[in-house]
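Note that the structure is a prediction, hence the values are computed from the model and not measured.
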Amino acid sequence: MARDRSAMESAELTAVLEALDDADARAIIRGLEEPMTASEISETCDIPLSTTYRKLDLLTDASLLIEGTQIRADGHHATTYEVSFDEVRIALTEDRDFSVNVGRPERRPEDRIADIWSQVRRET
């Protein structure tokens with residue numbers, strides 16, 4: 001069981017480091033002051049849309065961004081993205097392993113409901 005946990009922590013560490021090592025991904029994080037669609041992020045950060053989608057995948061896989069849903073009257077809802085952390089700490093443990101701790105701000109109830117809706121939408 002400890003080995004599985006260590007492997008999961010290692011995968012999380014690798015995902016976070018790879019995401020933060022990417023200049024475009026860092027630009028997206030800096031540019032996301034509020035939830036935005038991929039098109040808005042692409043325009044704000046001056047990154048091609050196809051590249052933006054790849055970087056959004058990289059950041060969401062590392063759990064550094066969360067997806068939400070922008071409800072539109074016409075029924076064509078849009079996926080939005082927002083930064084989901086306020087700090088990242090990399091530490092060296094007593095066992096000389098690296099650990100990562102991603103500090104997350106408290107989520108408001110309406111944000112949690114939106115998260116649930118986004119998850120349902122992805123699964124259907």
Transitive ILVMFWY side-chain link V102 to F98, under 4.5 Å: yes

Hydrophobic cluster identity match, L58 and L56, side-chain contacts under 4.5 Å: no

A19 versus A25, closest heavy-atom pair with distance: O-CB, 3.3 Å

Heavy-atom side-chain contact between I66 and Y81 under 4.5 Å: no

Sequence neighbours excluded - salt bridge (Lys or Arg N to Asp or Glu O under 4.0 Å) pairs with any residue from residues 35-47: none

F85 side chain reached by I29 side chain, heavy atoms, under 4.5 Å: yes

Path from I90 to L64 over hydrophobic side-chain contacts below 4.5 Å: yes

Stepwise side chain to side chain contact (heavy atoms under 4.5 Å, CB included) check, S99 with L13: CA-CA 7 Å; S99 69; L13 174 66; over 6 Å; no

Verdict with supporting geometry, M36 and T44, side chain to side chain contact (heavy atoms under 4.5 Å, CB included): CA-CA 10 Å; M36 294 180 171; T44 298; 3.7 Å; yes

ILVMFWY network linking V83 to Y53, side-chain heavy atoms under 4.5 angstrom: no

Inter-residue atom distance E12.CD - S63.OG, 0.5 Å rounding: 6.5 Å

Main-chain N/O of I47 paired to S42 side chain as donor or acceptor, under 3.5 Å: yes

Atom of C45, atom of A27 and distance for their closest heavy-atom approach: SG-O, 3.5 Å

Neighbour count >12 (heavy atoms, 6.0 Å) for atom CD, E87: yes

Main-chain N/O of P35 paired with T80 side-chain donor or acceptor, under 3.5 Å: no

Value rounded to 0.5 Å, distance of CG in L65 from CD in E82: 9.0 Å

Those residues that, when tested against R26, pass side chain to side chain donor-acceptor pair (under 3.5 Å) (two or more places apart): none

Derivation of the side chain to side chain contact (heavy atoms under 4.5 Å, CB included) call for N101 and V88: CA-CA 6 Å; N101 182 1; V88 174; over 6 Å; no

For T37 against A78, the heavy-atom pair lying closest together: CG2-CB, 3.9 Å

Pairs satisfying salt bridge (Lys or Arg N to Asp or Glu O under 4.0 Å), at least one member in residues 13-24, at least two apart: D22-K55

